[in-house]
A.B. asks: 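One structure coming up, written as structure tokens, with questions to follow.
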There are 2 protein chains.
Amino acid sequence: MEGRKQMHEETTDVEAVLREALGASGQRFTEQRAAVFRFLRSTESHPTADEVFLRVRTDVPGISLATVYKSLETLVGCGLAAKLTYVDGSARYDGRTDDHHHVRCLGCSRVMDLPHRVDDGEVARLQASADGFRVTGVRLELTGYCPSCDPEAAGAPA
Amino acid sequence: MEGRKQMHEETTDVEAVLREALGASGQRFTEQRAAVFRFLRSTESHPTADEVFLRVRTDVPGISLATVYKSLETLVGCGLAAKLTYVDGSARYDGRTDDHHHVRCLGCSRVMDLPHRVDDGEVARLQASADGFRVTGVRLELTGYCPSCDPEAAGAPA
DNA sequence: ATCCTTGCAAAGCATTTGCAGTCAC
DNA sequence: GTGACTGCAAATGCTTTGCAAGGAT
């Protein structure tokens, strides 16, 4: 089936992307970095460093937590990942680097991606009052409750 | 002048607000909590716990950092302050609890308040794709450069 | 062969906690 | 007087760092 072939192509592509980005900044391709990058690209769960560690350990048994931290920082430095920080203080990593927004569930702490971006006109309106300020980025996060955590919804919310 | 009288009234009012909020949740009014609250209300600088500590220490010489942390948490619990977290991982506190947004300068790290809020229609549009999710809050932060830090502006950027 | 990376363990830093004395009520 | 609050210091948890061995180019 096409499925397997496509999967293989994607894997290859992911490695190529990583090799290129690392090479461009004079850094080396390693199995550890590849595993971290592959996992980040494969999930939308915006994992913490520790979650990455636990998962990647199944692919690269001997990897250490320190290496995961270093790899994540390397990826962020290459522009292949983004670092998010939440109110609880935990850092999370996102394999998507395009400008997008998030919804976070106050119940289960899950973070999901939003397909739409804030309208440029809206940004311009908000920015208008910060005079002289040159805006380069917008970060937006919706908070609330996902269907299975909603305390106001009918079902028993765990 | 009116200035002095108004200032005194405000101070009194701030304490009354604090007393009421604390009483409502069975907690006690203390000089330390009052000093922390007063400082938060008086500034727009969104200070870290340590900055609060350094400043409040001039009013309450013997106060400890642990007490500042506890007081800040108490205020957040009473709804008299909000806790913010930035990408660098540092927690900051905001004496304003109404729903408002921020601009952060990538040069000097200063955080300022934005007078406008994201339009409800825009939130609805963004939310539309997160189906089943009940949105309760919106957090937005603009990032960029303030006039004195803008590297693309004419003057020497420090 | 060079020097970047890894894994380990120790160090760092912000925040939290335990506890005895103190204070608000 | 009672129970909450403070200050101190120790503890915690996440993240970073130093270093010798190993690996990519």
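Order of the sequence lines fixes the chain letters, A, B, ..., with proteins taken first and strands second; residue numbering starts at 1 for each chain. Computed from a predicted structure; not experimentally measured.
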A.B. asks: My understanding is that only residues two or more places apart in sequence, or in another chain, count here; which of them pass side-chain contact (heavy atoms from CB on, under 4.5 Å) with B:Asp113?
C.D. replies: B:Glu44, B:His46, B:Asp94, B:Arg96, B:His100, B:His102
A.B. asks: Relative to A:Tyr145, does B:Arg134 satisfy both conditions: NZ or CZ under 6.0 angstrom from the six-membered ring centre, and within 45 degrees of the ring's axis?
C.D. replies: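 Cation-pi check for B:Arg134 and A:Tyr145: fails.
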A.B. asks: Between residues 26-36 of chain A and DNA chain C, which residues have a heavy-atom gap below 4.0 Å?
C.D. replies: A:Gln27, A:Arg28, A:Thr30, A:Gln32, A:Arg33
A.B. asks: For salt bridge (Lys or Arg N to Asp or Glu O under 4.0 Å), just list the numbers for A:Glu141 and A:Arg104, CA-CA rounded to whole Å, side-chain angles, deciding distance to a tenth of an Å, and then say yes or no.
C.D. replies: CA-CA 7 Å; A:Glu141 181 183 280; A:Arg104 186 164 48 90; 2.9 Å; yes
A.B. asks: Can you name the residues that form a side-chain contact (heavy atoms from CB on, under 4.5 Å) with A:Thr43, not counting sequence neighbours?
C.D. replies: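 side-chain contact (heavy atoms from CB on, under 4.5 Å) check on A:Thr43 returns A:Phe39, A:Ser45, A:Pro47.
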A.B. asks: Just to verify, what does A:Glu20 make a salt bridge (Lys or Arg N to Asp or Glu O under 4.0 Å) with, not counting sequence neighbours?
C.D. replies: none
A.B. asks: Let me know the distance between CG of B:Leu18 and C1' of D:dC5, rounded to the nearest Å.
C.D. replies: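 One finds 14 Å between C1' of D:dC5 and CG of B:Leu18, rounded.
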A.B. asks: For B:Glu31, give me all partners under side chain to side chain donor-acceptor pair (under 3.5 Å), at least two apart in sequence or on another chain.
C.D. replies: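 For B:Glu31, no residue satisfies side chain to side chain donor-acceptor pair (under 3.5 Å) once neighbours in sequence are set aside.
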A.B. asks: Without decimals, in angstroms, what is the distance between A:Asp50 CG and D:dT12 C1'?
C.D. replies: 15 Å
A.B. asks: When you measure from the side chain of A:Thr136 to the backbone N and O of B:Thr143, does any donor-acceptor pair fall under 3.5 Å?
C.D. replies: yes
A.B. asks: Not counting sequence neighbours, which residues clear side-chain contact (heavy atoms from CB on, under 4.5 Å) with A:Thr30? List them please.
C.D. replies: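 Only A:Gln32, A:Arg33 meet the side-chain contact (heavy atoms from CB on, under 4.5 Å) criterion with A:Thr30.
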A.B. asks: How close do B:Tyr93 and B:Glu73 get, heavy atom to heavy atom, and via which atoms?
C.D. replies: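 Answer, listing the atom of B:Tyr93 first, then B:Glu73: OH-OE1, 3.6 Å.
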A.B. asks: Mind listing the residues from residues 51-64 of chain A sitting with a heavy atom below 4.0 Å of DNA chain C? Number order is fine.
C.D. replies: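 Nucleic-acid contacts, sorted: A:Gly62, A:Ile63, A:Ser64.
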A.B. asks: Test: side-chain hydrogen bond (donor to acceptor under 3.5 Å, both in side chains). Region: residues 48-65 of chain A. Which pairs qualify, not counting sequence neighbours?
C.D. replies: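 Residue pairs passing side-chain hydrogen bond (donor to acceptor under 3.5 Å, both in side chains), neighbours aside: A:Ser64-A:Thr67.
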A.B. asks: In whole angstrom, give the distance that lies between atom CZ of B:Arg19 and atom P of D:dC5.
C.D. replies: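 Taking atom P of D:dC5 as the reference, CZ of B:Arg19 is at 14 Å.
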A.B. asks: Tell me, do A:Phe133 and B:Met112 make a side-chain contact under 4.5 Å, heavy atoms counted?
C.D. replies: yes
A.B. asks: Keeping to residues at least two apart or across chains, list the side-chain hydrogen bond (donor to acceptor under 3.5 Å, both in side chains) pairs with something in residues 119-128 of chain A.
C.D. replies: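 Checked against side-chain hydrogen bond (donor to acceptor under 3.5 Å, both in side chains) - neighbours excluded - the pairs reaching residues 119-128 of chain A are A:Glu122-A:Arg125.
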A.B. asks: Please report how far the helix from C:dA1-D:dT25 to C:dC25-D:dG1 bends, comparing the axis fitted to its first five pairs with the axis fitted to its last five, to the nearest 10 degrees.
C.D. replies: 40°
A.B. asks: Please enumerate all protein N or O atoms sitting under 3.5 Å from an N or O of nucleotides 16-19 of chain C, with distances to 0.1 Å.
C.D. replies:
residue	atom	partner	partner atom	Å
C:dG18	O6	B:Lys70	NZ	3.4

A.B. asks: Return the set of residues passing side-chain contact (heavy atoms from CB on, under 4.5 Å) with B:Tyr69 (not counting sequence neighbours), or none when no residue passes.
C.D. replies: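 B:Tyr69 satisfies side-chain contact (heavy atoms from CB on, under 4.5 Å) with B:Ala49, B:Leu65 only.
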A.B. asks: Counting side-chain heavy atoms from C-beta on, which of C:dG7, C:dT15, D:dT25 comes nearest to A:Thr67?
C.D. replies: C:dG7
